[in-house]
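Below: the structure, in structure tokens.
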2 protein chains.
Amino acid sequence: MEPEILELESFLPYRLYRLADAVSREFSRIYKDRHGLTRPEWRTLAGLGQHGSMTATALGEQSAMHKTKVSRAVAELEQRRWLTRKPDEKDRRIEHLTLTRAGLAAYREMVPLAKAFERELLAKLSAGERAAVTEGMAALKGAFG
Amino acid sequence: MEPEILELESFLPYRLYRLADAVSREFSRIYKDRHGLTRPEWRTLAGLGQHGSMTATALGEQSAMHKTKVSRAVAELEQRRWLTRKPDEKDRRIEHLTLTRAGLAAYREMVPLAKAFERELLAKLSAGERAAVTEGMAALKGAFG
DNA sequence: CCAAACTGGTTTCATTTGTAACCATCGAAA
DNA sequence: TTTCGATGGTTACAAATGAAACCAGTTTGG
């Protein structure tokens, strides 16, 4: 019997990973080069900018990060004085995280850059291709739960 | 002026990364749980299984790995006696890597599992969705170079 | 022929990551 | 109330990673 061969280049998990990695790496220049942020730090900033105030657990859920990543990212952003922690009144295990003025400023500076990045990427696609991207990703996401 | 907000959940780089990570993590069980391989090791195995014999540099190009990753993966697989190195006759810097019988056996065992994984994932999609995935990924890949 | 530039590959070091253990606090049940 | 299991979050430790330095060996240009 013919030995089976797997063509890595067309193997879905590989292609998907490679693509995400390339896009992500390119995008990371926006927060890494500019402010020396790591990805978890960027996501933390993005989460808090978007929602105003969150707990570490909520951050982890929203942005799909392990709690240790969140913990370290928060610690770093706190060092920079980009966010502050406020203990919860009722439950003393919980801390509410909020961006400081400086953190908010950084966030506001980065949002347009992020949007421009996405826009420019999508602008290279035809309308049909954009639709395919949207549909394909939604389908995969759905298929995966 | 209204402060701009970025919705992380619908931000393309984030969604893409998250999806790839989920798929990749799930797939990794096949080589990690079964043989304790890392991703670079799996890719090395896959590359050699597919092409028969390659240099480290070629491996890196084919499977998008940094040369240090290749170097370490190769060293580990050599330890396991899953591959051997043969120096090039003409150019003594180069080594030709080939799977041993044991390496090939592991490869042959994993290929059907990998294919089944992909097949089952795609089976959850409609024909149209599958087409969308294919088109969308190709478009993004093209847009990115 | 020889120095300089380049290439294949490894090693070193600092950083990032994941797992598991951990500490404190809370909620429920006896 | 006391105890026990869950939860929010941090820390410790080991493994994975990336950047840059490094060591051959090879090519190129003078």
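A, B, ... follow the sequence lines: proteins, then strands. Residue 1 opens every chain.
- Nucleotide C/dC26 holds its P atom 5 Å from the CZ atom of A/Arg92, rounded to whole Å.
- Between A/Asp91 and A/Arg39, the residue anchored nearer the 5' end of DNA chain C, judged by the nucleotide with its closest heavy atom, is A/Arg39.
- Whole-Å rounding puts the A/Arg25 CZ to C/dT16 C1' distance at 13 Å.
- The side chain to side chain contact (heavy atoms under 4.5 Å, CB included) with B/Glu41 is formed by just one residue from the set B/Lys32, B/Glu76, B/His35, B/Lys69; it is B/Glu76.
- Taking atom CG of residue A/Leu59 and atom C1' of nucleotide D/dT10, one finds them 16 Å apart after rounding to whole Å.
- An OP1 or OP2 oxygen of C/dG9 is reached within less than 4.0 angstrom by a side-chain nitrogen or oxygen of B/Thr57.
- Residue A/Thr68 is classed as a base contact, given a heavy-atom separation below 4.0 Å to a base.
- B/Thr55 places no side-chain N or O within donor-acceptor distance of the main-chain N or O of B/Glu95, the cut-off being under 3.5 Å.
- Side-chain contact, B/Arg39 with B/Ser24: a donor N or O sits under 3.5 Å from an acceptor N or O.
- Checking B/Glu41 against B/Lys90, the closest nucleotide of DNA chain D that is more toward the 5' end is the one next to B/Glu41.
- Between B/Met54 and B/Leu97, every side-chain heavy-atom pair lies at or beyond the 4.5 Å cut-off.
- Distance from the side chain of B/Arg93 is smallest to C/dC6 among C/dC6, D/dG9, C/dT17.
- Here the side chain of B/Glu95 is nearest to one of C/dG9, D/dG8, D/dT11, namely C/dG9.
- Distance CG (B/Leu37) to P (D/dA15): 16 Å, rounded to an integer number of Å.
- When rounded to the nearest whole Å, the span between CD of B/Glu76 and P of D/dA15 equals 12 Å.
- B/Lys69 has a side-chain polar atom (N or O) that falls below the 4.0 Å cut-off from OP1 or OP2 of D/dG18.
- Atom pair A/Lys67:NZ and C/dC23:P shows a separation of 14 Å (rounding to whole Å applied).
- A/Leu77 has its CG atom 12 Å from the P atom of D/dT10, to the nearest Å.
- Between the CZ atom of A/Arg72 and the C1' atom of D/dT11 there is a distance of 8 Å, given to the nearest Å.
- Residue-level contact check: A/Arg85 touches the backbone only, with heavy atoms under 4.0 Å from sugar-phosphate atoms and none from bases.
- The two residues B/Tyr17 and A/Ala20 come nearest to each other via the heavy atoms CA-CB, 3.8 Å.
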